[in-house]
Amino acid sequence: MKSTVDEIRGRFDNEVERFSNLETGQSATMDAPLCLELVTTAAAAVTPQARSVLDIGCGAGNYTLKLLQKLPNLHCTLMDLSQPMLDRARQRISAATTGVVTTLQHDVRDAQFAPESFDIVLAAAVLHHLRTDQQWHQVFASVFRWLRPGGSFWIFDMVEHSSPPVQQAMWRRYGDYLSGLKGGGEAGEKYRDSVFSYIEAEDTPKPLLWQIQLLSEVGFSDPEILHKNGPFAAFGARKP
Ligand SMILES: C[S@@+](CC[C@H](N)C(=O)[O-])C[C@H]1O[C@@H](n2cnc3c(N)ncnc32)[C@H](O)[C@@H]1O
């Protein structure tokens, strides 16, 4: 049994500090600062005329803050399950844009916006909480509908591998990365196991190529894989 939405919200309510560092990003993911940079550079390059962004699972706002460095003064719509995350995101992002900042405490599966409401949609380290194929399809199709033509959708997330031996090898590599963050040894193993245990409880990631295919199925064009290292990938596509 995977964690419920309430359990996931409860964990993130207590994690605001860990998601509030723009220099490191979320260090429990591999290449977090690089992916912040690549995703926002690609979003700004593909949709340079953007006036608005929707950040799904915004956490404390790192991705939108980084995007504002490249596309200043966007209108920012920030969605998250966690009100403490949204409060921190609003505080940080209001100081960084003259655009309108809107916060919404929502599960992305229940979110509703008018068609063509946004120029850019970001979803970093959040979609792995979707459970069924139907939910993945619904969310990708909704994002497509919410974007204006010429808009773009960018994802950074944990991905699963289709090949079990590759999955095991990439998982070992990720484990080594996590241990290394705490200097290895007993402290490293303890930290690795604590991250692995919340991933096991909470996350249901999908393979990268499955998600790229789904982007095409719901209507996106020009899919781009910006980066992949171990079980983490940054990618996106454009609405024609
Ligand atoms: C791992 S954090 C990532 C935060 C931010 N995107 C970043 O990269 O720094 C995931 C965030 O997504 C939110 N979240 C999880 N499931 C969600 C859902 N179904 N709908 C909206 N937000 C969700 C959590 O509350 C949490 O703040």
Side-chain angles (χ1 to χ4, degrees), residues 2-40 43 53-69 76-93 96 102-113 120-132 134-140 142-143 146 153-159 174 178 194-196 198-206 226-227 231-236:
K2 292 283 176 180
S3 302
T4 64
V5 169
D6 279 344
E7 286 165 342
I8 292 171
R9 179 190 300 114
R11 184 170 76 79
F12 283 110
D13 280 352
N14 296 307
E15 297 253 39
V16 174
E17 286 312 319
R18 194 159 75 78
F19 290 92
S20 299
N21 186 326
L22 193 56
E23 301 310 314
T24 62
Q26 183 196 355
S27 53
T29 61
M30 295 170 78
D31 292 338
L34 175 64
C35 290
L36 263 168
E37 182 60 34
L38 293 177
V39 159
T40 52
V53 58
L54 166 66
D55 189 343
I56 298 171
C58 63
N62 274 348
Y63 269 80
T64 293
L65 278 175
K66 189 55 107 177
L67 184 65
L68 286 167
Q69 292 177 355
C76 301
T77 301
L78 310 169
M79 184 199 303
D80 204 283
L81 290 176
S82 160
Q83 192 59 46
M85 287 287 195
L86 287 166
D87 293 344
R88 179 65 64 88
R90 173 185 280 285
Q91 179 192 42
R92 296 171 83 211
I93 290 165
T102 306
T103 53
L104 300 168
Q105 189 181 18
H106 262 321
D107 185 326
V108 62
R109 288 163 285 209
D110 303 329
Q112 294 191 356
F113 298 103
I120 293 172
V121 177
L122 304 173
V126 59
L127 299 179
H128 59 254
H129 292 124
L130 300 176
R131 297 292 183 236
T132 62
Q134 191 273 334
Q135 290 176 9
W136 283 87
H137 195 283
Q138 178 219 317
V139 169
F140 276 43
S142 297
V143 169
W146 299 336
F153 179 29
W154 300 97
I155 297 168
F156 167 64
D157 215 342
M158 169 180 292
V159 294
Y174 179 38
L178 289 170
S194 73
V195 174
F196 280 2
Y198 72 67
I199 289 173
E200 177 62 28
E202 289 180 6
D203 299 349
T204 42
K206 284 288 193 184
L226 305 173
H227 186 65
F232 292 94
F235 55 101

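Quantities reported herein were computed from a predicted structural model and do not represent experimental measurements. Start at 1 and go down the list; that is how both ligands and their atoms are numbered.
Partners of E23 by side chain to side chain donor-acceptor pair (under 3.5 Å), not counting sequence neighbours: none found.
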Practice task
Check the pair D87, Q83 against side chain to side chain donor-acceptor pair (under 3.5 Å), reporting the backbone distance first and the verdict last.
Solution key: CA-CA 6 Å; D87 293 344; Q83 192 59 46; 2.8 Å; yes
Handout entry: Verdict with reasoning, D107 to L81, per side chain to side chain contact (heavy atoms under 4.5 Å, CB included)
Key = CA-CA 6 Å; D107 185 326; L81 290 176; 3.9 Å; yes
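Ordered by chain and residue number, the residues placing a heavy atom less than 4.0 Å from ligand 1 are F12, F19, Q26, G57, C58, G59, Y63, D80, L81, S82, M85, H106, D107, V108, R109, A124, A125, V126, H129.
The residues R9 and D6 are annotated as salt-bridged, a charged nitrogen and a carboxylate oxygen being separated by less than 4.0 angstrom.
Between W154 and C35, the closest side-chain pair of non-hydrogen atoms is not below 4.5 Å.
A cation-pi contact, defined as under 6.0 Å to the ring centre and within 45° of the axis, is absent between R88 and F19.
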